[in-house]
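All values below were derived from every heavy atom in this structure, side-chain atoms included, with hydrogens, water molecules and symmetry-related copies excluded.
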Amino acid sequence: MPLEVNKHVQRIRRYQPFDVDTSEMIYEQADRTQSLFPVSTLDYLLRAIEESTTKTIVLTGDAGHGKTSLCASLLAKLWVDSETVSSDVRKKAVFKKLTEAGDASRSLGQTRSKRPLYILRDLSELNAQAGARKLVELLDPPDNGVAIICANEGQLRKCVAEDDNLDNGGTGRAKILVKTLTEGIARGRVSNPDDTVIVINLNYQSVAAEGPNGGFVPWVLRQWTTPKWSRWKPCETCDAQEICPILANRNELNDATHGPQRRAAIRDLFAAAERTGAVVTTRQALTVTSYMLTGGLSCENVHAKYQWSRSNRLWQAPHLYHQALFGDRLTQQQRHRVPAFFALRKLDPGKVSRRQVDDRLDPDTVSRFPPEDPKSYLQKARTIRDAQKQAEQLRGLYTFLRRADFFNSIDNKDRFARMGLQAGDDFVSVQNKNGDPADTTVRDRFLKGLEAVQGIHRAGSNPDFLVLDPAFFAHRARAAVISRRVSSKGVEVVDQVTQWQKEGRTGDIPEMQKAVEWLNRLIYIRIPAVAPDQAAVSVEVDLLRFELLTRWAAGLRSEVQHEAEIRGLSGSLAELADSSNKDDEIQVLVGNVMRKLMIDVGDKIRSVRV
């Protein structure tokens, strides 16, 4: 059999920005014959443009979320309704239209209600002055039309600020766009009060959503590894198939028995990365998935290895999907080009030692592509250098085994713990509406962690939450004045959607959840304010910050390492302090003992233990 080059592998590799040929990285250079993920935002846009009140829709977010691709898909969908043409012809025509009139200079089509549709493909192509004028113009599109504007958040704010400069010819009208964007962040709304402006923040778009579409990353893996369309047919007749890690990756991820659980583990890893605060764009997800599946190799690379040694099986290990996913072989500069690698490496299960996991790992049962010689560390060390080398080999072996076991394990109950996140399950449980309302474990641990932020370390489970006077936050002495005691009964922990509902005070499901591929990434603890008529004070935490709070609650002391986190949380807690207390009694915490200081007749101060 000859050595075959699989064109499907070549196309997958074009999503990696580490080579010259990266033509799949942006829509304008992509292969438009490929199917697109059925993203929820497209359905939302199709409904929004048919509303009679809608005039302007802004798609904002980081570069790489697929704003231009969404516009192209929208045009193609509208064209399907109006003309019967082949898919290839339609996609090429859409691309031509976006190229020629993507500056919103003329209509690119019509909605189903026959309103003209204008699209500004990229606001960044205009300078601030021209961008400001274009935004104002598209607030009232010609002929009662609908305008869609694609804009990175930074450029959008810059153009709006330019229009807000009345001394330089600005109108001040464009600020409604930023105001709507801000409302989306604070309350999950995507439209202004009269529904003429819609701003969809694609930074809330998840690549590992829990919706009906199953998430973008699992969908991509199914598309790329499926046996349909004969994409992997050339590999079946290739001489190098027995030593090819690319084909091995494809077979393991497409395996009928274990493939679904492996893809689910990959999705869970991406979801955890997003919950730690990382914004993983569609482009970054494609790059990581492409690199993971190919191991950073091409067919030609595998052929060269095969011609050098046809039976060598010791070089493939770093290129297996469960190793390549963490980008070990990439340089620091290459990882900076795809920040998702940094987020995933923080959650590397290969770096987490768990007795119950390590005890069942057996180097003798390593895959058919072992990491070098898996038993070389058993050889007798004669020098310090030999001992160091063997220790490094053993560390590398167990990193390999832990990673492989993470994706192969049938039990998915301890996945967060294997990523180094002991509080992950508690974090996710907050969004479970069917949980036991009497279970206050998460709330009590949350409050205990917030007390630890202030330097309070009380033993046991306490029915109240102490708020120190803000003057004692930064310089905690042995004694500190207690500004307020809050009963734990009135405190609640909610997910992001519930927080938006409570802030909006309507009870309606926030539109943002419907407008994007949604994943709850934040939780909030709502603590009653000082005055009964004031809104509750909310402290926002992502998964990483919640993990810190949980560990602080358990006794971890890391004031120096996490000074910035402590400062940020202390700022939120300062709103809870009661500065209006004029009583003659002052509550003081001495060590971990509560004492009450009372001012008696003759300005005498008496101390009583509480």
Side-chain angles (χ1 to χ4, degrees), residues 26-28 30 32-61 65-126 130-131 133-151 156 173-174 176-177 180 190-192 194-202 205 511 514-516:
I26 56 177
Y27 171 79
E28 289 79 358
R32 283 167 292 282
T33 64
Q34 302 301 317
S35 58
L36 297 175
F37 176 64
V39 63
S40 301
T41 311
L42 177 59
D43 295 331
Y44 188 87
L45 286 174
L46 286 167
R47 294 193 300 269
I49 61 176
E50 299 303 330
E51 296 291 335
S52 59
T53 55
T54 304
K55 292 184 176 182
T56 308
I57 300 174
V58 177
L59 301 176
T60 187
H65 274 301
K67 296 183 284 290
T68 308
S69 179
L70 271 170
C71 292
S73 298
L74 179 67
L75 286 174
K77 201 80 172 176
L78 293 174
W79 200 348
V80 168
D81 297 341
S82 60
E83 298 182 36
T84 305
V85 295
S86 69
S87 176
D88 291 351
V89 172
R90 183 167 60 248
K91 288 180 179 180
K92 289 178 181 177
V94 165
F95 172 70
K96 184 178 179 182
K97 280 189 174 186
L98 280 175
T99 303
E100 294 176 351
D103 58 354
S105 57
R106 59 182 174 86
S107 169
L108 289 181
Q110 288 185 330
T111 67
R112 291 162 183 164
S113 54
K114 304 303 179 183
R115 297 173 67 189
L117 182 65
Y118 300 86
I119 294 179
L120 181 59
R121 184 179 61 194
D122 190 356
L123 185 64
S124 298
E125 294 178 353
L126 306 175
R133 290 193 297 270
K134 181 61 73 173
L135 289 179
V136 173
E137 175 188 330
L138 294 179
L139 285 174
D140 288 302
D143 303 322
N144 191 34
V146 181
I148 299 179
I149 302 168
C150 300
L156 177 65
R173 293 182 59 205
I176 187 62
L177 301 177
T180 307
V190 298
S191 59
N192 67 334
D194 60 4
D195 295 326
T196 57
V197 172
I198 294 175
V199 179
I200 301 176
N201 189 347
L202 293 178
Q205 188 92 280
E511 285 292 303
K514 304 174 186 176
V516 298

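Put simply, the side chain of Val146 does not reach to within 4.5 Å of the side chain of Thr56, judged on heavy atoms. Here the side chains of Leu70 and Val39 are in contact, with some heavy-atom distance below 4.5 Å. Within the 4.5 Å cutoff, the side chain of Val190 has heavy atoms near those of the Tyr44 side chain. Between Ser105 and Tyr118, every side-chain heavy-atom pair lies at or beyond the 4.5 Å cut-off. Here the side chains of Ile49 and Thr54 are not in contact, with every heavy-atom distance at 4.5 Å or above. The closest side-chain heavy-atom distance from Cys150 to Cys71 is below 4.5 Å. Side-chain contact between Ile148 and Leu120 is absent, with no heavy atoms from C-beta onward closer than 4.5 Å.
Here the straight-line distance linking atom CG of Leu45 with atom NZ of Lys77 works out to 12.5 Å at 0.5 Å rounding. Atom OG of Ser73 is separated from atom CG of Leu42 by 5.5 Å, given to the nearest 0.5 angstrom. For the atom pair Leu108 CG and Leu117 CG, the distance stands at 6.5 Å (nearest 0.5 Å). In this structure, CG in Asp103 is found 12.0 Å from CG in Leu123, a value given to the nearest 0.5 Å. Here NZ of Lys67 is found 6.5 Å from OG1 of Thr60. Values are rounded to the nearest 0.5 Å. A distance of 11.0 Å separates OG of Ser69 from CG of Leu74, quoted to the nearest 0.5 Å.
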*Assess whether side chain to side chain contact (heavy atoms under 4.5 Å, CB included) is satisfied between Leu135 and Leu156, documenting all intermediate values.*
CA-CA 9 Å; Leu135 289 179; Leu156 177 65; 4.1 Å; yes
Requested in this report: Report the C-alpha distance between Ile200 and Val516 in whole Å, list the side-chain angles of each, state the deciding distance to 0.1 Å, and finish with yes or no for side chain to side chain contact (heavy atoms under 4.5 Å, CB included).
Outcome: CA-CA 8 Å; Ile200 301 176; Val516 298; 3.9 Å; yes
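For Gly145 against Arg115, the heavy-atom pair with the smallest separation is O-NH2, 3.3 Å. When all heavy atoms of Gly131 and Leu126 are compared, the pair lying nearest together is N-CB, 3.9 Å. Taking all atoms of both residues into account, the shortest heavy-atom contact from Gly61 to Asn201 is CA-OD1, 4.2 Å. Considering every non-hydrogen atom in both Glu50 and Thr111, the closest pair reads OE2-CB, 3.3 Å. Across all non-hydrogen atoms, the minimal contact from His65 to Leu202 is CE1-O, 3.1 Å.
For the salt bridge (Lys or Arg N to Asp or Glu O under 4.0 Å) test, residues two or more places apart in sequence or in another chain that qualify with Asp140 are Lys55, Arg173. Residues passing the side-chain contact (heavy atoms from CB on, under 4.5 Å) test with Ser52, sequence neighbours excluded: none. Contacts of Glu137 classified as salt bridge (Lys or Arg N to Asp or Glu O under 4.0 Å), with partners at least two apart in sequence or in another chain: Lys134. For Ser191, the side-chain hydrogen bond (donor to acceptor under 3.5 Å, both in side chains) criterion is met by Asp195, not counting sequence neighbours. The salt bridge (Lys or Arg N to Asp or Glu O under 4.0 Å) search around Arg47 returns none, not counting sequence neighbours. Residues passing the side-chain contact (heavy atoms from CB on, under 4.5 Å) test with Asn192 are Ile176, Thr180, Asp194, Thr196, Val197, sequence neighbours excluded.
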